[in-house]
Asker: 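Take this structure first; my questions come after.
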Amino acid sequence: MKLKQFIVEVARKVGIDIIGFTDCNILDNIEDYLLERIEDNRITEFEERDIKKRIDPKKVFPDCNSIIVLGISYNVDFNEYPSYKLKGKISKSSWGEDYHRVVKDKMDKLVYEIEKVVDFKYLSFVDTGPLVDRELAMKAGVGWYGKNCSIINDEYGSFIFIGYILTDLEIESDNSIQSKCGNCERCLKACPTGALEGAYKFNPKKCISYLTQTKERIPYELREKMGISIYGCDVCQLACPKNSEAIKSKSKEFIPKVTKGFVDIEEMLEMSNSEFKEKYGSMAGSWRGKNVLKRNCLIALGNMKNKHNIPLLKKVLLDSSPMVREYAAWAILKTDYNIGVKAVAEVIKVEKDIDVKEEMQRLLKYFHKKIFNVS
Ligand code: SF4
């Protein structure tokens, strides 16, 4: 049996849904796009700024001859809802166990089996590698680019995690696949923040998934569009017809047994660090820490605009985290301007952090202008 066929068969056995192969040539196609994103300040703090490292496999692994690219579906069939009163959404990518560990585990099993038949050198990555994994996936025929810039596989749709193994093995490449979106523009229309600025033109800084992870102060107008998202966002993928026809995931690890796909907002706002670690420590979405998720819970509460949440918001105005106090002020002012003004004016008197104090004053002015329509 040829090595390529052997790898494909073993991949299926270890639970890898999709596999493709590509060469180690520079990813020329994407260089201009990446440069343009830097010039337009559409690059996030999570991305490698050295473009050469993002497009040249040999810079990452000098012995590289070919790349094995894998796709694992996380589109599990799960429709239960938790009973919490205040629910905040977790995107499917953070359901169940941390995908970094799950995908790495399957890749390690594949490597172990390949090593039984051939000696080879390799370097593997899931999400955290410098190369543009979607471009590798497109080149290797794992899927095609949708207008929302996701990689879409004909069988599994776009809810797939991508991993790749740079190897010194010489393996024949697969063919890339052209986009099959046709005239459809559902994802572009569905995006709440307009992060999809056009077909194949994505502005990550407006993407709700990015906003739920950044520690930068989120513009007020974007907070309003985040709805009840606590981590990640699935909107453009859920709008995509290719996902409604897709095969569901076979990976049980991604079933959200603990959270059922939602954060209990009330619990999250009052959790200790050890309680947080115990409940959410193995969730991919916990990587930015408790306070970022607490902040997102406050944005969700602000967007709910329910006066029953005022006592909870008043408590959080005195939280130990400066960032959390700031967003509690935003949420209470958004929920009820009159109650909010009094509560924020009270805490400003005792606020010791100058930045927080200034932000609270800005918020008072902002909401005053908004409520009274002052220009
Ligand atoms: Fe393509 Fe339509 Fe899916 Fe967007 S929603 S990725 S345009 S098929």
Side-chain angles (χ1 to χ4, degrees), residues 4 7-8 11-12 16-34 36-37 42 47 54-55 57 66-75 91-93 99 103 107 125-127 129 131-166 171-191 195-204 207 209 232-251:
K4 180 171 173 176
I7 296 173
V8 170
R12 300 266 180 269
I16 291 165
D17 299 314
I18 314 153
I19 186 161
F21 301 83
T22 188
D23 56 51
C24 294
N25 296 338
I26 294 178
L27 305 172
D28 294 323
N29 258 348
I30 203 154
E31 186 169 10
D32 287 348
Y33 175 73
L34 293 173
E36 198 185 296
R37 271 183 51 194
R42 281 189 287 126
E47 293 170 77
R54 300 206 66 194
I55 61 171
S66 53
I67 307 173
I68 307 171
V69 189
L70 316 165
I72 296 178
S73 166
Y74 57 92
N75 192 14
S91 73
K92 283 173 184 278
S93 63
Y99 65 92
V103 176
M107 283 205 298
F125 296 99
V126 185
D127 202 22
L131 294 167
V132 181
D133 54 5
R134 291 182 187 193
E135 186 70 8
L136 293 176
M138 186 277 291
K139 267 187 78 185
V142 163
W144 42 273
Y145 276 115
K147 288 181 185 170
N148 60 3
C149 297
S150 291
I151 288 293
I152 305 179
N153 176 270
D154 286 335
E155 281 183 292
Y156 289 95
S158 65
F159 288 109
I160 51 176
F161 293 124
I162 296 165
Y164 58 95
I165 308 171
L166 307 170
I171 310 172
E172 187 198 337
S173 294
D174 288 316
N175 294 324
S176 60
I177 311 166
Q178 293 304 306
S179 170
K180 298 183 183 178
C181 288
N183 294 328
C184 175
E185 292 198 327
R186 285 196 207 177
C187 53
L188 273 60
K189 289 179 186 140
C191 178
L196 298 169
E197 293 174 340
Y200 314 104
K201 194 163 185 226
F202 169 58
N203 183 345
C207 175
S209 184
C233 176
D234 291 329
V235 171
C236 70
Q237 296 192 82
L238 288 173
C240 178
K242 307 290 176 192
N243 282 325
S244 48
E245 304 150 9
I247 301 176
K248 293 289 180 188
S249 169
K250 297 185 280 290
S251 301

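Start at 1 with the first residue, then count along the sequence.
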Asker: Do you know which of Asp133, Asp28, Asp23 makes salt bridge (Lys or Arg N to Asp or Glu O under 4.0 Å) with Lys139?
Answerer: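 That would be Asp23; it is the only one of Asp133, Asp28, Asp23 passing the salt bridge (Lys or Arg N to Asp or Glu O under 4.0 Å) with Lys139.
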Asker: Mind listing the closest non-hydrogen atom pair of Cys24 and Ser66 along with its distance?
Answerer: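 Smallest heavy-atom distance, with atoms named: SG-N, 3.4 Å.
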Asker: Start with the C-alpha distance between Leu34 and Val132, add both sets of side-chain angles, then the distance that settles side-chain contact (heavy atoms from CB on, under 4.5 Å), and finish with yes or no.
Answerer: CA-CA 10 Å; Leu34 293 173; Val132 181; 4.0 Å; yes
Asker: Ser249 versus Phe159: any side-chain heavy-atom pair under 4.5 Å?
Answerer: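 They are not in side-chain contact.
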Asker: Could you walk me through whether Ser73 and Ile247 pass side-chain contact (heavy atoms from CB on, under 4.5 Å), step by step?
Answerer: CA-CA 9 Å; Ser73 166; Ile247 301 176; over 6 Å; no
Asker: Measure the spacing between OH of Tyr33 and CZ of Arg42 and express it to the nearest 0.5 Å.
Answerer: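 CZ of Arg42 is found 5.5 Å from OH of Tyr33.
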Asker: When you measure from the side chain of Asn75 to the backbone of Lys248, do you find a donor-acceptor pair of N or O atoms at a distance under 3.5 Å?
Answerer: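 The answer is no, because no donor-acceptor pair under 3.5 Å joins these two groups.
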Asker: To the nearest 0.5 Å, how far apart are CG in Leu196 and NZ in Lys189?
Answerer: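 Output value for this atom pair is 12.5 Å.
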Asker: Is there a side-chain contact (heavy atoms from CB on, under 4.5 Å) between Ser91 and Tyr74? Walk through the geometry before answering.
Answerer: CA-CA 11 Å; Ser91 73; Tyr74 57 92; over 6 Å; no
Asker: How many angstroms lie between CD1 in Ile171 and NZ in Lys4, if you round to the nearest 0.5 Å?
Answerer: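 Reported to 0.5 Å precision, the distance equals 8.0 Å.
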Asker: Working to the nearest 0.5 Å, report the span between CG of Asp127 and CZ of Phe161.
Answerer: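 Here the rounded value is 8.5 Å.
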Asker: Go through the steps for Tyr99 and Ile72 under the test side-chain contact (heavy atoms from CB on, under 4.5 Å), then give the verdict.
Answerer: CA-CA 9 Å; Tyr99 65 92; Ile72 296 178; over 6 Å; no
Asker: Could you check whether atom CZ of Arg186 has more than 12 heavy atoms from other residues, nucleotides or ligands sitting under 6.0 Å from it?
Answerer: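 12 or below, so no.
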Asker: Taking all atoms of both residues into account, what is the closest heavy-atom pair of Leu188 and Ala199, and its distance?
Answerer: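 So the minimum-distance heavy-atom pair works out to CD2-N, 3.6 Å.
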Asker: What is the distance from atom CG of Asn29 to atom OH of Tyr145, rounded to the nearest 0.5 Å?
Answerer: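 Rounded to the nearest 0.5 Å, the CG-OH separation comes out at 8.0 Å.
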Asker: Between Lys147 and Cys184 (side chain of the first, backbone of the second, donor and acceptor by atom type, cut-off under 3.5 Å), is there such a pair?
Answerer: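 Looks like yes, one N/O pair under 3.5 Å.
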Asker: So, Arg134 side chain and Cys149 main chain: donor-acceptor pair closer than 3.5 Å or not?
Answerer: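 Such a contact is found between Arg134 side chain and Cys149 backbone.
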Asker: Atom CD1 in Ile151, atom CD1 in Ile162: separation rounded to 0.5 Å?
Answerer: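 Nearest 0.5 Å value for the CD1-CD1 distance: 5.5 Å.
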Asker: For the pair Arg54 and Glu135, evaluate salt bridge (Lys or Arg N to Asp or Glu O under 4.0 Å) and give the outcome as yes or no after the intermediate values.
Answerer: CA-CA 10 Å; Arg54 300 206 66 194; Glu135 186 70 8; over 6 Å; no
Asker: Can you name the closest pair of heavy atoms from Asp234 and Lys92 and give their distance?
Answerer: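 Closest approach of Asp234 to Lys92: OD2-N, 2.9 Å.
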Asker: Asp174 side chain to Phe21 main-chain N or O, any donor-acceptor pair under 3.5 Å?
Answerer: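 Between the backbone of Phe21 and the side chain of Asp174 there is a qualifying donor-acceptor contact (under 3.5 Å).
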Asker: Any idea which heavy atoms bring Ala11 and Ile19 closest together, and the distance?
Answerer: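 So the minimum-distance heavy-atom pair works out to CB-CD1, 3.7 Å.
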Asker: For residues 235-244, run the donor-acceptor check on the side chains, cut-off 3.5 Å, and write out each pair with its distance to 0.1 Å, sequence neighbours left out.
Answerer:
from: Gln237; atom 1: OE1; to: Ser158; atom 2: OG; distance (Å): 2.6
from: Asn243; atom 1: OD1; to: Ser158; atom 2: N; distance (Å): 2.8
from: Asn243; atom 1: ND2; to: Ser158; atom 2: OG; distance (Å): 2.9
from: Asn243; atom 1: ND2; to: Gln237; atom 2: O; distance (Å): 2.8
from: Ser244; atom 1: OG; to: Pro241; atom 2: O; distance (Å): 2.8

Asker: Between Asp17 and Asn153, is there a side-chain heavy-atom distance shorter than 4.5 Å?
Answerer: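 Not touching, per the 4.5 Å side-chain cut-off.
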Asker: Mind listing the closest non-hydrogen atom pair of Ile26 and Pro57 along with its distance?
Answerer: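 Here Ile26 and Pro57 meet closest at CA-CD, 4.4 Å.
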Asker: Ignoring hydrogens, what is the shortest heavy-atom contact between Thr22 and Leu136? Give both atom names and the distance.
Answerer: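 That closest heavy-atom pairing would be CG2-O, 4.2 Å.
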Asker: Angle between ring planes, Tyr164 versus Phe125, binned at 30° and 60°: parallel, tilted or perpendicular?
Answerer: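 Ring orientation of Tyr164 relative to Phe125: tilted.
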Asker: Tell me whether Glu172 at atom CD has more than 12 heavy atoms from other residues, nucleotides or ligands lying less than 6.0 Å away.
Answerer: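 Open.
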